[in-house]
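In this text the structure is predicted, and so the values were computed from the model without any measurement.
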Amino acid sequence: MFLFYLCRVDKNLNMYQTLTFLHSIFRWLVLLSLLYSIFIAYKGYFSNKEFTKTDDFVRHSTAAIAHIQLVLGITLYSQSPIIKYFWNNFNEAKESFDLLFFGLIHIFLMLLSIILIMIGSSISKRKTADKEKFKTMLIYFLIALVVIFIAIPWPFSPLANRPYFR
């Protein structure tokens, strides 16, 4: 049934494939920027460093990269034949964990992670003490990273799996 549905909506397949590729590649930028931000926050917090303009740039860039990924993800979600099938055949599709993962779980967890990054970045920006800026960044970005690791369909994931690069 799903293959039949996929054939009906293949007029947008090129855009879908491009979005899938961009979303897959951009995930690595999100992960690298988050890991680097967490490293800087950890180092700054535990060594009582001054929160510099470079640290602020890293904080801001991480949030910006995450927001770009969010826009790519929402656009991909709205164009995906998998998601269209999921919502058009909800009662049947909810029985498939792979479809349920991409239809609800993935987007919910990724939205949660972006919200955590946005809140952490925003609160960190408004803190006055350098140590508090680093601490806020460290906590929020680390929690967001854990949520992202759970929500990414890694090739080894028991939830849903996809290749490292599409």
Side-chain angles (χ1 to χ4, degrees), residues 9 12-45 49-84 86-87 98-155 157 159-166:
V9 293
N12 292 329
L13 205 53
N14 284 339
M15 182 166 73
Y16 172 71
Q17 290 171 336
T18 302
L19 286 169
T20 302
F21 173 76
L22 290 173
H23 189 64
S24 177
I25 294 298
F26 223 81
R27 108 176 100 172
W28 298 106
L29 291 174
V30 172
L31 290 173
L32 289 173
S33 66
L34 260 178
L35 287 169
Y36 186 64
S37 293
I38 290 167
F39 171 74
I40 284 181
Y42 178 85
K43 192 171 143 186
Y45 179 74
K49 281 184 54 185
E50 177 185 338
F51 196 86
T52 65
K53 286 187 178 190
T54 303
D55 299 327
D56 193 51
F57 177 77
V58 169
R59 174 202 57 80
H60 180 72
S61 296
T62 299
I65 290 168
H67 281 92
I68 292 168
Q69 179 71 332
L70 173 66
V71 170
L72 285 171
I74 289 174
T75 306
L76 179 61
Y77 190 86
S78 71
Q79 297 301 313
S80 171
I82 295 168
I83 302 306
K84 288 177 183 172
F86 177 78
W87 287 113
D98 200 49
L99 292 172
L100 186 63
F101 177 81
F102 287 106
L104 292 176
I105 297 169
H106 179 73
I107 193 164
F108 173 76
L109 291 176
M110 289 305 187
L111 284 171
L112 176 64
S113 68
I114 298 297
I115 290 168
L116 288 166
I117 291 169
M118 186 174 58
I119 291 171
S121 177
S122 182
I123 292 173
S124 177
K125 178 182 175 181
R126 287 164 179 70
K127 294 283 184 182
T128 54
D130 293 337
K131 191 166 182 132
E132 289 299 311
K133 289 180 183 229
F134 285 123
K135 179 181 176 184
T136 303
M137 251 177 77
L138 181 62
I139 291 169
Y140 279 91
F141 285 15
L142 191 57
I143 294 169
L145 182 65
V146 169
V147 172
I148 288 171
F149 271 129
I150 292 167
I152 289 178
W154 299 104
S157 174
L159 301 176
N161 47 51
R162 295 290 188 267
Y164 288 116
F165 295 100
R166 303 264 316 221

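Between Ile65 atom CD1 and Ser37 atom OG the span is 8.0 Å, to the nearest 0.5 Å. Rounding to the nearest 0.5 angstrom, the gap separating the CZ atom in Arg59 from the OH atom in Tyr36 is 14.5 Å. The CG atom of Leu104 sits 8.0 Å away from atom CD1 of Ile83, with the distance rounded to the nearest 0.5 Å. Distance check, rounded to the nearest 0.5 Å: CD1 of Ile143 to OG of Ser113 gives 12.0 Å. Interatomic distance, CG of Leu142 versus CG of Leu35, reported as 9.5 Å (0.5 Å rounding). From Ile139, atom CD1 reaches atom CD1 of Ile123 across 10.0 Å, with rounding to the nearest 0.5 Å.
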Inset, instruction - Evaluate the criterion side-chain contact (heavy atoms from CB on, under 4.5 Å) for residue pair Tyr16 and Leu76; output intermediate values, then yes/no. - result: CA-CA 7 Å; Tyr16 172 71; Leu76 179 61; 3.6 Å; yes
Legend entry - Derivation and outcome, side-chain contact (heavy atoms from CB on, under 4.5 Å), residues Gln69 and Met110: CA-CA 10 Å; Gln69 179 71 332; Met110 289 305 187; over 6 Å; no
Inset, instruction - Could you go through the side-chain contact (heavy atoms from CB on, under 4.5 Å) check for Leu145 and Phe149 one step at a time? - result: CA-CA 6 Å; Leu145 182 65; Phe149 271 129; 3.6 Å; yes
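A 6.0 Å sphere centred on NZ of Lys135 holds no more than 12 heavy atoms belonging to other residues, nucleotides or ligands.
With sequence neighbours excluded, the residues that form a side chain to side chain contact (heavy atoms under 4.5 Å, CB included) with Phe51 are Asp55, Asp56, Ser124, Asp130, Lys133, Phe134, Met137.
With Leu111 as reference, Ile107 is the one residue of Ile107, Ile114, Leu109 to meet the side chain to side chain contact (heavy atoms under 4.5 Å, CB included) rule. Among the candidates Leu34, Val30, Leu29, Ile40, the single residue satisfying the side chain to side chain contact (heavy atoms under 4.5 Å, CB included) test with Thr62 is Leu34. Partner of Phe141 under the side chain to side chain contact (heavy atoms under 4.5 Å, CB included) criterion, out of Leu116, Val146, Ile38, Thr136: Ile38 alone.
Taking each heavy atom of Ile117 and Ala63 in turn, the nearest pair found is CG2-CA, 3.9 Å. Contact detail for Trp87 and Tyr77: the closest heavy-atom pair is NE1-OH, 2.9 Å.
Although no hydrogens or angles enter the test, the distance criterion places a donor-acceptor pair under 3.5 Å between the side chain of Arg126 and the main chain of Ser122.
Between Phe101 and His106, the ring-plane angle classifies as tilted under the 30° and 60° cut-offs.
By the 4.5 Å heavy-atom criterion applied to side chains, Thr52 and Phe57 are not counted as neighbours.
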